[in-house]
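Before any comments, here is the structure.
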Amino acid sequence: MSKPLRLLLQWLSFFVIFSQFFYASQADLGTATQYSPPYTPSACFGSDSTQFPSSNFFAAAGEGIWDDGAACGRQYLVSCISSISPRACKSGETIQIKIVDRAQTVASKPTRQGTTIVLSNAAFAAIADSNAPSLNIDFRQV
């Protein structure tokens, strides 16, 4: 292999590795809690039962991401980083959720007010111990 080609391949490898670190840093940090049924009516889709993904991984948007309703239908990748409850996070678990409601107006009150995202029971349990009062999360819109 020629020296210029080897140098080019090294730079491409470096670029690919570097871009992965840069991409990972595009996530935001926030907090999450959970809410229980009833999940309808929702601020985004009313009583339409087709609003919920088959995975049951959905959420209500806190005021920080609500964006005057523009958050409706947005999808986020969410991971648990930490909690006040020891070992509450399920290590390595990331889920994709859909915003279907506004946290301030959900039919059943969240376990804690003022969080970034209020996860459905199923979504919360997928990334953490469902007995944890709240989570610190990493989230990124997809």
Side-chain angles (χ1 to χ4, degrees), residues 1 4-142:
M1 180 182 306
L5 182 58
R6 189 171 50 240
L7 186 60
L8 176 64
L9 289 175
Q10 287 174 340
W11 275 105
L12 284 173
S13 297
F14 173 77
F15 177 75
V16 168
I17 292 168
F18 180 75
S19 69
Q20 294 302 311
F21 287 117
F22 182 74
Y23 180 75
S25 70
Q26 296 301 308
D28 290 311
L29 301 177
T31 55
T33 191
Q34 63 183 316
Y35 70 126
S36 302
Y39 296 121
T40 57
S42 74
C44 295
F45 307 104
S47 294
D48 181 3
S49 63
T50 64
Q51 68 184 300
F52 303 109
S54 60
S55 65
N56 284 320
F57 295 168
F58 55 89
E63 293 307 295
I65 63 170
W66 175 245
D67 197 16
D68 289 326
C72 291
R74 284 183 186 158
Q75 305 233 358
Y76 291 91
L77 294 176
V78 180
S79 303
C80 180
I81 299 171
S82 66
S83 174
I84 60 170
S85 299
R87 297 177 297 283
C89 294
K90 293 183 179 176
S91 181
E93 292 296 323
T94 300
I95 59 170
Q96 184 168 333
I97 57 102
K98 176 183 176 183
I99 299 297
V100 298
D101 210 342
R102 182 180 188 184
Q104 281 191 346
T105 61
V106 293
S108 68
K109 293 301 172 203
T111 54
R112 183 173 155 210
Q113 298 293 323
T115 58
T116 310
I117 295 174
V118 181
L119 299 167
S120 66
N121 287 343
F124 194 95
I127 61 170
D129 179 345
S130 58
N131 293 315
S134 65
L135 309 172
N136 293 314
I137 59 167
D138 175 295
F139 68 102
R140 178 174 45 92
Q141 187 176 346
V142 291

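To the nearest 0.5 angstrom, Leu135 atom CG is 5.5 Å from Ile127 atom CD1. Here the CG-CD1 distance, from Asn56 to Ile95, works out to 11.0 Å after rounding to the nearest 0.5 Å. To the nearest 0.5 angstrom, Trp66 atom CH2 is 13.0 Å from Ile117 atom CD1. Annotation: the span from Gln51 atom CD to Cys44 atom SG amounts to 7.5 Å, rounded to 0.5 Å. Atom NZ of Lys98 is separated from atom SG of Cys72 by 9.5 Å, given to the nearest 0.5 angstrom.
The nearest pair of heavy atoms linking Ile84 to Pro133 is CD1-CG, 3.7 Å. Ile99 and Ala60 get closest at one heavy-atom pair: CD1-C, 4.4 Å. In this structure, Ala126 and Phe57 approach most closely via the heavy-atom pair CB-CZ, 3.6 Å. In terms of heavy atoms, Gly30 sits closest to Thr116 at CA-OG1, 3.4 Å. The nearest pair of heavy atoms linking Ala132 to Ser83 is CB-OG, 3.8 Å. Scanning all heavy atoms of the two residues, the minimum distance from Ile65 to Ala71 falls at O-CB, 3.2 Å.
Partners of Thr31 by side chain to side chain donor-acceptor pair (under 3.5 Å), not counting sequence neighbours: none found.
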- Message: Checking Asp28 against Tyr76 for the side chain to side chain contact (heavy atoms under 4.5 Å, CB included) test, could you report, in this order, the C-alpha distance in whole Å, the side-chain angles of both residues, the deciding distance, and whether it holds?
- Response: CA-CA 10 Å; Asp28 290 311; Tyr76 291 91; over 6 Å; no
- Item | CA sep, side-chain torsions, deciding dist, call: Val100, Tyr39, side chain to side chain contact (heavy atoms under 4.5 Å, CB included) | CA-CA 9 Å; Val100 298; Tyr39 296 121; over 6 Å; no
- Message: For a side chain to side chain contact (heavy atoms under 4.5 Å, CB included) check, start with the C-alpha distance between Arg74 and Asp67, then their side-chain angles and the critical distance, and finish with the verdict.
- Response: CA-CA 11 Å; Arg74 284 183 186 158; Asp67 197 16; 3.0 Å; yes
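Applying the side chain to side chain donor-acceptor pair (under 3.5 Å) test to every pair with at least one member in residues 88-97, sequence neighbours left out, gives these pairs: Gln75-Gln96, Ser79-Thr94.
Between Phe139 and Ile97 the shortest side-chain heavy-atom distance does not fall below 4.5 Å. In this structure, the side chains of Glu63 and Arg102 come closer than 4.5 Å at one or more pairs of heavy atoms. With contacts defined as side-chain heavy-atom distances shorter than 4.5 Å, the pair Asn136/Leu29 does not qualify. Val118 places none of its side-chain heavy atoms less than 4.5 Å from the side chain of Val106. The shortest side-chain heavy-atom distance between Ser108 and Pro37 does not fall under the 4.5 Å cut-off. With a 4.5 Å cut-off on side-chain heavy atoms, Thr50 and Phe45 do not count as touching.
Ring planes of Phe58 and Tyr35: perpendicular class, angle over 60° (limits at 30 and 60°).
At most 12 heavy atoms of other shown residues, nucleotides or ligands fall within 6.0 angstrom of atom CZ in Arg112.
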